[in-house]
Undergrad: 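Sending over a structure as structure tokens; questions will come in a sec.
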Amino acid sequence: MLIEFTLNHRPVAVEAPPDITLLTLLRDYLNLTGAKEGCSVGECGACAVIMDGRLVNSCLLLAPQVAGSEIITIEGIRGPDGGPNDLQENFIAYGAVQCGICIPGMIMAGEALLMHNPRPTRDEIRAALAGNLCRCTGYQQIVDAIEATAVQRELLP
Amino acid sequence: MPRFDYVRAGSVAEAVHLLAEPGVRSRLLAGGTDLLVYIRHEPPNFDRVVDIGRVPELKRIERRGDEVIIGAAVTFTEAAESALLQEVAPCLVEACLTVGGPAIRNTGTLGGNVANAAACADSLPPLTCLDAVAHLRSLVGERALPLDELIRGANRTAIRPDELLTHFTFLAPPADARQAFIKLGRRNAQAISRLSVAAIGRRDGQGRVDYVRLSPGAAMPVPRRLHEVEAMLLGQAPSDELLAAAGRRSAEAMIAVTGRRWSTEYKEVAIRALVEQALRRVLV
Amino acid sequence: MTTLTYIGKPARRVDALEKVLGTAKYIADRKLPGMLHARCLRSDVPHARILRLDATPALAVPGVRAVITSDDFFEHGLYGFPVKDKYMLAHQKVRYVGEAIAAVAADTPEAALAGVRAIICELEPLPGVFDMAHALDPDAPQVGPDRPDGKHPNFLDHLIVRKGDPLPVWEQCPVKLEEHYSVSPQEHAYIEPEGVLAVPTREGGVVVYAPNQSPFINQANLAMVLDLPPQRVRVIQPPVGGSFGGKDDIIYESSAQAAKLALITGRPVRMLFSREESLIASYKRDPMRMHIWLGADSDGTLRACKFEGLMDSGAYASESPFTAWRASIHAMGAYRYDACHVDITCVYTNNGYYGAFRGFGNTEVCAAIEQAIDEMAYKLGMDPIDFRLKNCLRLGDETVHGQVLTESVSLAECLTTVRRLSDWDRKRAEYAKQHAPSGVRRGIGVAALYHGTSLGAEGQDYAGATIAIEQDNSVDITSGLTDYGTGSRTVFTLIAAEELGVRPERIHMQRPDTDTAIESGPTVASRSTMLGGNAMRIAAMNLRQTLDYAAADLLGCELHQLVRAGEAYVGPSEEPVPWEEVVRHAREMGLALSAQGRWSAPRINWDHHAGRGTPYIAYHFGAQVAEVEVDMGTGRVRVVGLWAAHDPGKVIFPQGAYGQLYGGIAQGLGYALMEQVTFVEGYIQETNFESYLIPTSVDVPEIVGTFVEAPYSHGPYGAKNIAEPAMVPTAPAILNAIYHATGRRIRDLPANLERVLLGKDLSKGGSPRACKLGLGTA
């Protein structure tokens with residue numbers, strides 16, 4: 001079936017079977033491999049994307065469910081010059097990246113949080129990341145990066 | 001060959017027509033967080049999914065007089081962010097906030113949670129305390145069932161294959177009653193409830209309990225209020241001894257239903273603590 | 001010490017950009033035209049003879065291009081180190097649920113699964129060993145091979161440490177302890193499941209992309225089982241989504257399977273594991289049962305330690321002889337004793353199989369000994385930190401092994417630092433006053449560790465590196481040691497930058513590639529910084545000498561008259577000359593602008609028969625304090641504070657070192673409280689992340705970490721290591737805190753709800769169901 005939606009601010013129309021997940025649609029049909037398959041049952045968050053302004057696990061959505069929606073993936077998170085945006089830059093600057101496999105999902109979770117709560121406490125940041133598993137970092141520097149980004153965005157004119 | 005087809009329903013009427021279509025086995029899809037895990041391991045026993053996640057009538061959260069209506073396709077996040085539910089059903093809001101993690105809450109729905117009827121479902125204890133009624137619609141008509149009639153056992157409900165769970169209704173508890181939901185899991189997020197308790201309670205001017213509702217989760221195959229415990233609290237002052245007795249009575253009530261299972265040795269102790277904690281929060 | 005420019009200063013991880021952009025290509029992100037998909041037939045019984053294996057029906061399945069069995073490998077694909085007991089595909093027998101029996105390559109993953117299902121595989125189930133305590137019973141079913149020395153076939157190894165004879169000393173001690181402890185298996189739970197991609201070459205060889213820790217071992221195995229000269233086998237490591245010790249053996253097997261299928265079909269072949277397949281088939285940390293005796297004088301001086309451990313290796317040896325050796329060296333803890341015996345016996349069972357995981361035996365024994373030490377402190381009425389300070393190893397001490405510690409010993413400082421950071425004394429006093437039998441109680445506990453650096457006497461310890469200046473004046477470096485998230489790429493870059501005197505941004509670290517890197521042994525044992533760092537430093541020094549020579553020539557001065565100003569060279573004229581000009585001049589002089597470096601660790605010796613010697617060249621020391629809140633009514637434990645003071649020697653890449661510390665602590669927290677692997681009759685019950693629980697962001701507290709840098713003279717700039725030690729003391733610190741809060745001693749890990757509340761675990765039995773579903777998942 002033809003699935004039409006907005007992807008990273010651009011309209012797309014993809015011919016795909018109805019029984020595949022959004023994750024498979026992104027990775028295999030659209031060649032967007034930023035979202036990762038870590039568990040396939042919605043427990044690890046490595047597949048997380050933003051749908052209509054909310055964080056979702058793309059492994060738990062059927063591709064046709066997103067018809068008519070706005071999807072943002074890690075490939076859509078960029079600065080004005082096409083490089084890293086402020087959150088991505090802070091992930092580097094604060095040491096939040098080790099093996100990196102959880103990072104696209106973490107950045108989506110961070111962006112989704114800041115869309116709804118621009119002044120989160122560290123506890124609120126942790127709660128927003130609770131569905132994204134990381135095995136390398138112990139989360140601390142990821143929280144640092146998101147916190148710093150929130151503060152910096154608040155200071156922008 | 002796709003394993004199944006997909007169709008999106010634009011209205012309740014359309015959905016019930018699709019469900020009733022002969023020769024096609026339809027499966028309702030609200031959020032999909034349970035369904036997609038299920039089909040990972042089992043070949044689907046349906047020919048198509050009927051996506052009701054965007055049907056406007058199923059997304060209502062509104063109040064008509066004392067009656068509160070929650071559409072079945074309301075997500076956990078939508079329920080938790082609802083000012084109305086924060087006001088009249090904070091125990092339900094608290095429960096919604098303990099489900100999974102943010103992404104699961106943004107997708108999973110109350111209707112899906114109830115229809116899946118896992119014994120550990122977190123929406124069940126608060127909805128039970130609220131005496132929520134589930135409303136079902138089919139081509140034949142409508143019917144309404146209280147939760148302890150809707151749910152038959154673990155993962156079993158009375159919903160017929162041609163029926164759509166459309167919404168829940170309940171009467172708003174007294175505004176001055178306090179509400180609580182406590183969840184016990186093996187970690188602090190993304191955890192299946194090992195045990196949970198929802199409670200609503202109020203004391204009168206003399207400090208005696210004049211309103212109390214209590215329902216445990218992940219404790220019994222069919223959710224129900226612990227009327228026997230509520231009865232021993234009504235009209236009493238909530239002393240430490242009384243709350244402890246309420247805890248013990250709750251454990252007895254649980255075992256009377258389940259018998260002694262492998263987990264009972266743990267749950268009979270833990271449920272006492274959870275009941276005491278929940279009652280303390282709403283009555284003391 | 002000269003001032004350092006890059007070492008120990010804030011630095012950016014060199015491979016972080018592609019990861020935050022989502023453009024890093026992990027194995028599952030890579031595909032090639034004409035690529036086939038591979039899948040294994042895996043055993044669904046724990047122990048069986050293969051009566052009949054007929055793969056030809058699979059070839060009749062539409063889309064299937066090739067099927068292989070053990071017959072397709074040289075010597076049936078027998079491999080393994082230190083014990084060659086495993087096959088790339090099962091040969092004649094299967095010994096654990098999930099063992100690979102055959103592999104299929106097909107046009108689609110669905111066709112591959114259909115091909116797997118079409119294979120005729122008749123298994124004759126054999127009785128199995130499912131309890132390590134009975135593995136050596138005379139009538140135990142035979143799991144391991146017949147042994148030439150006549151020992152029980154299920155016996156794998158026995159490791160000892162000997163100093164004096166502890167039991168008579170223990171008998172005389174006025175304060176003593178004898179207790180049993182146990183640890184559960186632990187799953188690595190890297191967020192990236194396993195996968196490999198094999199590409200056949202025109203020369204009849206193969207290129208394998210594999211997220212293995214040690215590409216050269218993979219290459220050697222592949223050459224052996226594929227019967228190819230090593231020159232025709234190339235292994236490249238893409239970015240790895242976590243490993244922690246877990247992506248060696250299982251990846252070598254998948255690599256061999258995919259490579260053989262690629263050679264047969266002439267097409268690229270990719271094999272990806274589902275999470276269920278990963279949990280069922282891949283190796284885990286070994287479970288252990290431990291029996292400890294400790295004896296002390298009334299003044300708190302430790303006198304005697306006896307440690308008996310039983311380690312389950314599961315169906316195959318994997319790294320267990322090495323794990324058991326490291327465990328034996330560390331089993332008594334970082335303390336002085338008059339007499340000490342350690343005996344660790346390693347056995348085969350049919351419960352999965354066990355291999356390397358961060359800490360590699362020390363994590364297991366530290367969970368026990370640091371609780372036993374704590375129990376002794378209470379028996380003596382001494383503060384647990386004071387008791388450790390009284391007995392801990394210090395500079396100049398001789399260990400029970402017979403090694404005199406001549407430098408870089410800082411355990412006492414780690415203990416006093418973490419005491420201060422955690423506000424230990426005030427909290428110990430305050431929380432001891434809690435009397436309420438119910439409700440929430442707080443507790444604070446400590447644990448210490450030492451951890452031998454690198455391979456120790458168990459292996460040949462060397463590494464090689466290369467460095468070269470490219471045409472565009474960027475600098476290319478390679479290492480034989482790999483970075484699977486640990487940060488060693490950045491460490492090597494910083495060392496090269498420091499030694500060469502150029503900005504790190506100028507340096508580009510190549511992907512690990514057996515064609516271009518120098519074989520350096522395995523990337524394990526937290527040895528990358530020391531071994532790989534020293535090799536890189538030497539390579540960079542060699543290249544710098546060449547440039548210094550060219551600079552002196554250019555500036556018309558003596559070598560000793562050169563100084564550096566940033567990247568520039570300055571001679572007596574005091575005119576800075578840009579680095580690029582020196583490089584250009586060196587080219588004009590015809591000098592080779594590349595160099596190699598190699599470093600070997602000082603030779604040490606361990607006598608396996610005597611149980612004495614010098615086990616490691618240096619030791620990492622550390623101490624952690626955990627604060628917990630325990631709900632006495634439910635058994636729920638929240639870790640509300642964690643303080644860590646570690647001595648990794650000189651810290652090269654601070655952010656990376658802190659990251660390893662925090663991450664290790666999170667894994668230790670999971671080990672302590674929630675990570676449980678349950679085998680029932682050989683079937684694992686936890687097959688995905690809804691049942692195998694690792695800590696989330698709301699389970700891990702804010703961690704306060706600090707480094708006590710006691711330089712080791714043979715480490716690069718004084719560096720030792722951090723990766724593994726970071727997780728070792730966390731679990732016992734938490735368990736000791738639980739005791740302080742509750743008075744309940746939990747000697748069996750994990751300290752789950754039931755153990756904390758009831759003092760024992762509850763079993764719901766189990767079944768093969770999760771495994772059968774998981775192995776059949778599309």
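Side chains included, hydrogens not; waters and symmetry mates left out as well; all remaining heavy atoms used.
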Undergrad: Considering only heavy atoms and a distance below 4.5 Å, find which of Ile74(A), Thr137(A), Ile142(A) pairs most often with chain C.
TA: Thr137(A)
Undergrad: Non-hydrogen atoms of chain A under 4.5 Å away: do they reach the side chain of Val700(C), the backbone, both or neither?
TA: both
Undergrad: Check step by step if side-chain hydrogen bond (donor to acceptor under 3.5 Å, both in side chains) holds for His646(C) and Gln624(C).
TA: CA-CA 8 Å; His646(C) 280 254; Gln624(C) 294 182 6; 3.0 Å; yes
Undergrad: Just verifying a value: how many Å separate Arg78(A) CZ and Asn85(A) CG, rounded to the nearest 0.5 Å?
TA: 9.0 Å
Undergrad: Could you tell me whether Glu702(C) and Arg122(A) have a side-chain N and a carboxylate O separated by less than 4.0 Å?
TA: yes
Undergrad: Counting heavy-atom pairs under 4.5 Å to chain A, which of Asn688(C), Thr486(C), Asp15(C) comes out on top?
TA: Asn688(C)
Undergrad: Under a 4.5 Å heavy-atom cutoff, which of Ala666(C), Pro695(C), Gly656(C) has the most pairs with chain A?
TA: Pro695(C)
Undergrad: Tell me, out of Asp123(A), Leu133(A), Leu32(A), who's got the most heavy-atom pairs with chain C below 4.5 Å.
TA: Leu133(A)
Undergrad: Do the charged groups of Glu89(A) and Arg12(C) touch, with an N to O distance under 4.0 Å?
TA: yes
Undergrad: Between Gly95(A), Gly38(A), Ala130(A), which shows the greatest number of heavy-atom pairs under 4.5 Å with chain C?
TA: Gly38(A)
Undergrad: Judged by modelled atom types alone, do Asn132(A) and Ser697(C) share a side-chain donor-acceptor pair under 3.5 Å?
TA: no
Undergrad: Looking at Glu192(C), Glu690(C), Arg13(C), which one has more heavy-atom pairs under 4.5 Å with chain A than the rest?
TA: Arg13(C)
Undergrad: Using a strict cut-off of less than 4.0 Å between a Lys/Arg side-chain nitrogen and an Asp/Glu carboxylate oxygen, indicate whether Glu724(C) and Arg358(C) qualify as a salt bridge.
TA: no
Undergrad: Side chain, backbone, both or neither: which part of Leu279(C) has a heavy atom under 4.5 Å from chain A?
TA: neither
Undergrad: Is a salt bridge present between Arg135(A) and Glu187(C), judged by a nitrogen-to-oxygen distance below 4.0 Å?
TA: no
Undergrad: Counting only non-hydrogen atoms closer than 4.5 Å, does Ala189(C) touch chain A with its backbone (N, CA, C, O), its side chain (CB onward), both, or neither?
TA: both
Undergrad: Evaluate the side-chain proximity of Trp643(C) to Pro701(C): yes if any heavy-atom separation is below 4.5 Å, no if none is.
TA: no
Undergrad: What distance separates Asn721(C) CG from Thr529(C) OG1, expressed to the nearest 0.5 Å?
TA: 7.5 Å
Undergrad: Answer yes if the side chains of Glu276(C) and Thr777(C) hold a donor-acceptor pair under 3.5 Å, and no otherwise.
TA: no
Undergrad: Which one of Leu17(C), Thr23(C), Leu669(C) has the most heavy-atom pairs closer than 4.5 Å to chain A?
TA: Leu17(C)
Undergrad: Would you kindly say whether Glu124(A) and Asn117(A) are connected by a side-chain donor-acceptor distance under 3.5 Å?
TA: yes
Undergrad: Would you mind checking which part of Tyr658(C) comes under 4.5 Å of any heavy atom in chain A, side chain (CB onward), backbone (N, CA, C, O), both or neither?
TA: both
Undergrad: Side-chain donor-acceptor pair under 3.5 Å between Tyr671(C) and Gln186(C), yes or no?
TA: no
Undergrad: Just verifying a value: how many Å separate Glu194(C) CD and Glu277(C) CD, rounded to the nearest 0.5 Å?
TA: 8.0 Å
Undergrad: Is it true that the side chains of Thr490(C) and Thr493(C) contain a donor and an acceptor less than 3.5 Å apart?
TA: no
Undergrad: Ser243(C) versus chain A, heavy atoms under 4.5 Å apart: side chain, backbone, both or neither?
TA: neither
Undergrad: Using a 3.5 Å distance criterion without hydrogens, assess whether the side chain of Lys36(A) forms a donor-acceptor pair with backbone atoms of Cys102(A).
TA: no
Undergrad: Examine whether an atom of Tyr484(C) lies under 4.5 Å from a heavy atom of chain A, and if so say whether it belongs to the side chain, the backbone or both; otherwise answer neither.
TA: backbone
Undergrad: Only heavy atoms, only distances under 4.5 angstrom. Which residues in residues 61-69 of chain A are near chain C?
TA: none
Undergrad: Taking NZ, NE, NH1 and NH2 as the nitrogens, is one of them in Glu43(A) or Arg275(C) under 4.0 Å from a carboxylate oxygen of the other?
TA: no
Undergrad: In residues 29-37 of chain C, which residues are in contact with chain A at a heavy-atom separation under 4.5 Å?
TA: Asp29(C), Lys31(C)
Undergrad: Against chain C, label Ile92(A) side chain, backbone, both or neither, depending on which of its atoms sit under 4.5 Å from a heavy atom there.
TA: both
Undergrad: For Gln660(C), is it the side chain, the backbone, both, or neither that has a heavy atom closer than 4.5 Å to a heavy atom of chain A?
TA: both
Undergrad: Closer than 3.5 angstrom, by distance alone: can the side chain of Arg511(C) be matched with the main-chain N or O of Gln237(C) as a donor-acceptor pair?
TA: yes
Undergrad: Does any heavy atom of chain A fall under 4.5 Å from the side chain of Ile665(C), the backbone, both, or neither of them?
TA: neither
Undergrad: So for Ser40(A), is it side chain, backbone, both, or neither that comes closer than 4.5 Å to the heavy atoms of chain C?
TA: neither
Undergrad: So that I can tick it off, tell me whether Glu154(A) and Arg119(A) are bridged by a salt bridge, with the cut-off set at under 4.0 angstrom between side-chain N and carboxylate O.
TA: yes
